[in-house]
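The structure appears right after this line, and notes come after that.
None of these values were measured; they are calculated from a predicted model.
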Amino acid sequence: MDYMDNIRNKLALLPDLPGCYLMKNQEGTIIYVGKAKVLKNRVRSYFTGSHNGKTQRLVANIVDFEYIVTSSNMEALILECNLIKKHMPRYNVLLKDDKTFPYLKITNEAHPRLEVTRRVLKDKAKYFGPYPNSYAAQQTKKLLDRMYPLRKCGVMPKEVCLYYHMGQCLAPCEKEVPKSAYEEIIQNISSFLGGGHDAVKKDLQKKMQEAAEELYFERAKELRDQIQHIDAVMEKQKINTADTKDRDVFGYAVDKGWMCVQILYMRQGKMIQRHSSAFPFYGEAYSDFMSYVTQYYSDNPALPQEILLPDMASAGMLPPEAGSAGGQGSGGPEAVGMPSGQALMAALGAEDETEAGEELRELDAAGQMLAADLSTAAEAVQEQAEQEAAAEGTVDAAGGAAALQEWLGIKVLVPQRGLKKQMIGMACQNSRVALNEKFRLIERDEERTSGAASSLGQSLGLDSLNRIEAFDNSNIQGANPVSAMVVFIDGKPARKEYRKYKVRTVQGPDDYETMREVIRRRYERVLKENLPQPDLIVVDGGKGQISSAIDILQNELGLFIPVCGLVKDDKHRTAQLLVGDSAEPVSLARDSQEFYLLQRIQDEVHRFAITFHREQRGKSMVTSKLDSIPGIGDKRRKLLLKHFGSLKKIKEASIEDFKVLSIGEKLAGQILEALKDEEPSI
């Protein structure tokens, strides 16, 4: 019995109950975990009907599945989150909170500290956040450190430090600090981070005025600076609401197999930050979105008072205008973008305001009807989406919100109108913008890399230009000659394929012979080991270097690979592209992507070669200085460098420092005397 017969038999036995399902591949590895209101409907949907490309890729790898029945949607939601964290399935949306979101933490110690952490532990400490990035958390901590004198040091010092003299520490290292003092500070920090910074600002402003009136100008300046820091860190608001609730507002958008989730952090009725995540998804869009939300809150100790989630029709299924009109629940000219004033009269062709007013009333009634129609359309789409979700057995918006609310113990809403709906719309719109920006960046990257390589190949008359290998030589008056090769595949550097060469046969600064040796060594190995051959070889230099490379390739190795040279100007910048043994110039616009690609290749190979040359030159200088000292051989030289680390450290050592290496006073003195007048190694 093949695996499809086994799957068909299992599908026939699926129950009409909520639960989780685990999809497995041929090796028995769990590759996808999902949840469902009705397991029978949802699991069957994977093996019937048509799917998009990414879901087809998932289904093509499924050879078996298991399922776990739960008593409710909430249990299915939590179980799915735990299974994803345990098995880390390839096709699931994965969120690693401990590596993504930083928190502010007040430690649970006798003398507490304020710190930024990404690890959330059950250690009775107070956590605030999460913050969307480390910079936001660090800036907030920096502000709080100036305002509240908690301990700053990790290990208690023996005497007071500078923070005490600056008024930023209570000095528990030297004097007893009552527990009540810490409780008051922690309460103030909690109030501040909970949105009470306006009250703190007013208190600081009052103290600043009092200090100025008493001519304590330095103290007044310190207070003014604190107020400015509060404004800079805490007052970057974009939306205000009438109440002062703490909310997390979620929105998402999907396109081309990718999902972007935006979280707007509303604290005390004001939006203070946002966080964006973009990732590929393989399952049903809303279920994977809810999976992301569940994972996000699974280890989050700093819950808001309210969570706002989008409905199933919000991820780009409706135009923003339709959602907005339906959300506001109002008609009128503004709802449908009506003109006003003189522009309205001109648009209506009215001769006076009376005539325009009559026209306006008619249009106003039409606008209200249109807004009502749009609202009805939005509700119809939402209702249809939820019916389809129920038919497939997936968790719909209302069911997912109810399960999340029961689990977290806080309000979880799916707004249908009003300001909260607009906030959801803003989050979804930001998600769409972020996805569009991501795809545009991908297109731009392709234009700069694979697109530029393809255009360059056309300019050189090549059918394809996927692999480019570039060479550069480096030496100082023939000393320590080296060469380097870099590889670009589809216009991008393939750093694992870079190679370094110590020149063996060339004496003195002979760039042509160096190029001949390196080309010979590289492509003899390519032929011997059957390595991929490049579509184009780029050498740093003009006709001489090109001719040397072509001579070795064609006359010695029988390879007919196109060779071009890059000539630099007097400012050491890429100036011209020469092709073939006759070194004919190829005209490329200086602002073209093809020319920029050549510049990147030449800069990269030069950087790689010069770095290797510096390494070799530094080693040779150290070797020559130590080897010139009588009594120092190869073994003792290596021992000295291993023990001291560098030539500079050897010079700074005392005679006693050499005794651990079994080097006597006489030889140690000779070493120090020989190195005394030497220049430091490069």
Shortest non-hydrogen separation from [X] to [Y] and the atoms involved:
X: Gln405; Y: Lys411; result: OE1-CA, 3.6 Å
X: Leu170; Y: Lys175; result: O-CE, 3.2 Å
X: Cys153; Y: Arg113; result: O-CD, 3.0 Å
X: Gly251; Y: Pro310; result: CA-CG, 4.2 Å
X: Leu408; Y: Leu303; result: O-CD1, 4.1 Å
X: Ala36; Y: Arg42; result: CB-CB, 3.4 Å

*Passes side chain to side chain contact (heavy atoms under 4.5 Å, CB included), Tyr127 versus Ile106? Steps please.*
CA-CA 7 Å; Tyr127 291 89; Ile106 301 178; over 6 Å; no

*Run the side chain to side chain contact (heavy atoms under 4.5 Å, CB included) check on Asp288 and Phe279 step by step: do they pass?*
CA-CA 11 Å; Asp288 279 6; Phe279 42 82; 5.9 Å; no

*asked:* Using only atom types and a distance under 3.5 Å, with no angle test, would you say the side chain of Glu604 pairs donor to acceptor with the backbone of Arg600?
replied: no

*Would you find a donor on one side and an acceptor on the other, under 3.5 Å apart, between the side chain of Asn92 and the backbone of Val33?*
yes

Please round to the nearest 0.5 Å and tell me the distance separating atom [atom1] of [X] and atom [atom2] of [Y].
X: Glu80; Y: Lys85; atom1: CD; atom2: NZ; answer: 12.0 Å
X: Cys20; Y: Glu75; atom1: SG; atom2: CD; answer: 10.0 Å
X: Ile31; Y: Met88; atom1: CD1; atom2: CE; answer: 15.5 Å
X: Tyr265; Y: Asp246; atom1: OH; atom2: CG; answer: 13.0 Å
X: Arg224; Y: Phe217; atom1: CZ; atom2: CZ; answer: 12.5 Å
X: Leu83; Y: Ile78; atom1: CG; atom2: CD1; answer: 12.0 Å

Under a 4.5 Å cut-off applied to non-hydrogen side-chain atoms, are [X] and [Y] in contact?
X: Leu404; Y: Leu77; answer: yes
X: Val412; Y: Leu309; answer: yes
X: Lys35; Y: Leu79; answer: no
X: Leu308; Y: Asp248; answer: no
X: Val38; Y: Leu17; answer: no
X: Glu306; Y: Met266; answer: no
X: Met23; Y: Glu66; answer: no
X: Asn73; Y: Lys37; answer: yes

Within the 6.0 Å centroid threshold, strictly below: [X] and [Y]:
X: Tyr182; Y: His111; result: yes
X: Tyr32; Y: Tyr282; result: no
X: Tyr46; Y: Tyr21; result: yes
X: Phe281; Y: Tyr91; result: no

*asked:* If you apply the rule salt bridge (charged side-chain N to carboxylate O under 4.0 Å, His left out), what do you find for Lys438 with Asp255, and how did you get there?
replied: CA-CA 11 Å; Lys438 181 178 183 64; Asp255 192 13; over 6 Å; no

_Distance-only donor-acceptor check, side chains Thr29 and Glu27, under 3.5 Å_ = no

*Would you kindly say whether Ser654 and Asp657 are connected by a side-chain donor-acceptor distance under 3.5 Å?*
yes

*Scan Ser431, Ser277, Ser276 and name whichever one has a side-chain hydrogen bond (donor to acceptor under 3.5 Å, both in side chains) with Gln262.*
Ser276

*asked:* Determine whether Ile68 and Leu22 satisfy the following criterion, side chain to side chain contact (heavy atoms under 4.5 Å, CB included), listing intermediate values before the conclusion.
replied: CA-CA 8 Å; Ile68 302 172; Leu22 301 88; 4.2 Å; yes

*Residues, nucleotides or ligands: over 12 heavy atoms within 6.0 Å of Arg607 CZ*: yes

*Step by step, would you call Asn82 with Ile84 a side chain to side chain contact (heavy atoms under 4.5 Å, CB included)?*
CA-CA 5 Å; Asn82 293 334; Ile84 289 173; over 6 Å; no

*Lys256 charged N/C atom sitting above Phe439 aromatic ring, 6.0 Å / 45°*: yes

*asked:* For Tyr286 and Phe289, take the angle between the two ring planes, folded into 0 to 90°, and tell me which bin it lands in: parallel under 30, tilted 30 to 60, perpendicular over 60.
replied: tilted

